[in-house]
Amino acid sequence: MLSEYLEKLKVAVIEGNAEQAREAAIALKEAGMSPLEIVNAAIKPAMDEMGKRYERLEVFLPDLVLAGEAAQEALNVILPKEGAESLIKAKVVIGTIYGDIHDIGKNIVAAMLSANGYKVIDLGNDVPAEKFVEVAKKESAKIIGISCLLTPSMYYMRDVIKRLEEENLRKNFYVIIGGAAVYPEWAKEIGADGWAKDAERAVELCDMLVEKGEEVPKPIILGEWR
Ligand code: B1M
């Protein structure tokens with residue numbers, strides 16, 4: 001039964017059928033599957049499949065748009081809502097870096113952090129370096145999370161760290177990065193504090209930084225790239 005609904009969800013996302021994606025997501029949620037299980041078993045594989053088809057010129061941009069909308073519709077049903085205010089571990093300012101509008105993965109990370117006790121300030125996508133810094137300062141955040149799926153945009157991630165250094169604020173924030181375009185070596189190269197492969201590990205990474213960030217060598221790398 002579960003595998004049937006997972007397959008339905010996967011097909012619905014690939015076909016860009018938001019209504020069927022929503023129905024399958026509701027059925028899986030009601031059957032007790034966790035959000036991350038649903039993401040890992042159906043939504044992520046469906047999007048990866050669309051990526052491969054796009055590279056082979058079997059589908060085109062409008063198909064990716066529809067798949068993205070169907071995925072987001074399913075996520076709206078399954079992703080957890082914000083945790084209780086009293087449980088706040090730290091504030092995280094998160095966004096997709098400048099030039100990049102891919103936000104599905106970032107939304108999953110934001111929702112999982114939020115459900116796990118973090119106060120998340122989501123800046124959306126296409127976020128300039130100075131905006132990350134400005135909001136992190138204003139909100140007294142502890143962590144800046146930057147997502148990137150588009151290779152030409154990854155260079156702007158370095159600007160966030162440069163700006164923090166220029167303003168003599170580098171020590172005030174942990175900077176973590178993730179998203180399919182960026183890899184552990186990149187975290188090291190730009191001087192980020194951590195890299196996580198997925199949403200589950202992003203939560204683990206934030207927990208590690210909040211609990212013992214001063215003591216551990218950085219960058220902390222959680223998971224393997226590809
Ligand atoms: Co585009 N796109 N896209 N796209 N798209 C990719 C990324 C691409 C790999 C497809 C391909 O060619 N195979 C390719 C990028 C190549 C590259 O540069 N490396 C690409 C391209 C080229 C483009 C355009 C340039 C196409 C064009 O216009 N000709 C264009 C760029 C627009 C722009 O950004 N300026 C474009 C546009 C789009 C759509 C708008 C149509 C749509 C996005 C809709 C949206 O996000 N709202 C789209 C889609 C859907 C994709 C694919 C198919 C799927 C992305 C996705 O949602 N994955 C993608 C191919 C692929 O990824 N296989 C592709 C599912 C999601 C759950 O995974 O985002 O990786 P992901 O997030 C994961 C982890 O990476 C991690 O946790 C998440 C959950 O596990 N993670 C973090 C993410 N952020 C994190 C942050 C962290 C920690 C972990 O800490 C802060």
Side-chain angles (χ1 to χ4, degrees), residues 9-10 13-14 16 18 35-76 78-79 92-113 118 120-127 132 136 141 143-157 160 173-184 186-187 190 192-206 208-209 219-226:
L9 177 54
K10 200 174 156 191
V13 170
I14 287 173
L36 284 178
E37 282 170 333
I38 302 172
V39 167
N40 293 335
I43 298 177
K44 182 88 169 72
M47 298 309 270
D48 286 345
E49 177 59 28
M50 285 306 279
K52 286 185 197 140
R53 291 186 190 185
Y54 179 71
E55 276 174 19
R56 297 196 297 258
L57 301 179
E58 291 168 10
V59 298
F60 300 96
L61 211 51
D63 305 300
L64 292 193
V65 174
L66 289 176
E69 284 170 4
Q72 196 54 60
E73 190 70 27
L75 290 170
N76 290 344
I78 60 168
L79 284 180
V92 182
V93 168
I94 197 168
T96 302
I97 195 67
Y98 182 67
D100 186 352
I101 61 165
H102 296 89
D103 63 0
I104 295 170
K106 182 268 297 167
N107 292 345
I108 296 173
V109 173
M112 293 315 298
L113 283 172
Y118 289 88
V120 177
I121 298 119
D122 188 344
L123 304 179
N125 56 38
D126 191 16
V127 182
F132 280 101
I143 299 171
I144 299 176
I146 320 172
S147 178
C148 179
L149 269 81
L150 205 59
T151 305
S153 280
M154 67 192 246
Y155 302 94
Y156 298 111
M157 296 172 121
V160 178
F173 308 99
Y174 292 120
V175 178
I176 66 164
I177 64 168
V182 292
Y183 40 89
W186 184 245
I190 65 172
D193 296 301
W195 174 90
K197 181 183 172 60
D198 52 33
E200 206 168 0
R201 290 182 180 94
V203 174
E204 209 183 312
L205 175 57
C206 290
M208 285 175 78
L209 286 167
I220 302 172
I221 303 300
L222 295 185
E224 279 177 24
W225 193 57
R226 291 191 178 155

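For ligands, and for the atoms within them, numbers begin at 1 and follow the listed sequence. On a predicted model such as this, the values are computed, not experimentally measured, just so you know.
- Y54 is linked by a ring-ring contact (aromatic ring centres under 6.0 Å, His included) to nothing, counting only residues two or more places apart in sequence or in another chain.
- In this structure, atom 72 (O) of ligand 1 lies nearest to the protein heavy atom G105 CA, 3.2 Å.
- When heavy-atom distances to ligand 1 are checked against a 4.0 Å cut-off, L205 has no atom that comes that close, whether in backbone or side chain.
- The shell of residues lying under 4.0 angstrom from ligand 1, judged by heavy atoms, excludes A67.
- Counting only protein N, O or S atoms, the number found under 2.8 Å from atom 1 (Co) of ligand 1 is 1.
- Remark: among candidates T151, L75, I104, the nearest residue to atom 17 (C) of ligand 1 is T151, based on non-hydrogen atoms.
- In this structure, the protein non-hydrogen atom closest to atom 35 (N) of ligand 1 is G99 O, 2.9 Å.
- Taking atom 84 (N) of ligand 1 as the reference point, the nearest protein heavy-atom neighbour is S147 OG, 2.8 Å.
- Of the possible polar contacts, none joining the D100 side chain to the T96 backbone as a donor-acceptor pair under 3.5 Å is found.
- Heavy-atom distances between K197 and ligand 1 reach below 4.0 Å in at least one pair.
- At a 4.0 Å heavy-atom cut-off, ligand 1 touches I146 through the backbone alone.
- The shortest heavy-atom distance from A199 to ligand 1 is under 4.0 Å.
- Nearest-residue assignment for atom 11 (C) of ligand 1 (options R53, E55, K52; heavy-atom criterion): E55.
- Ligand 1 lies less than 4.0 angstrom from a heavy atom belonging to G178.
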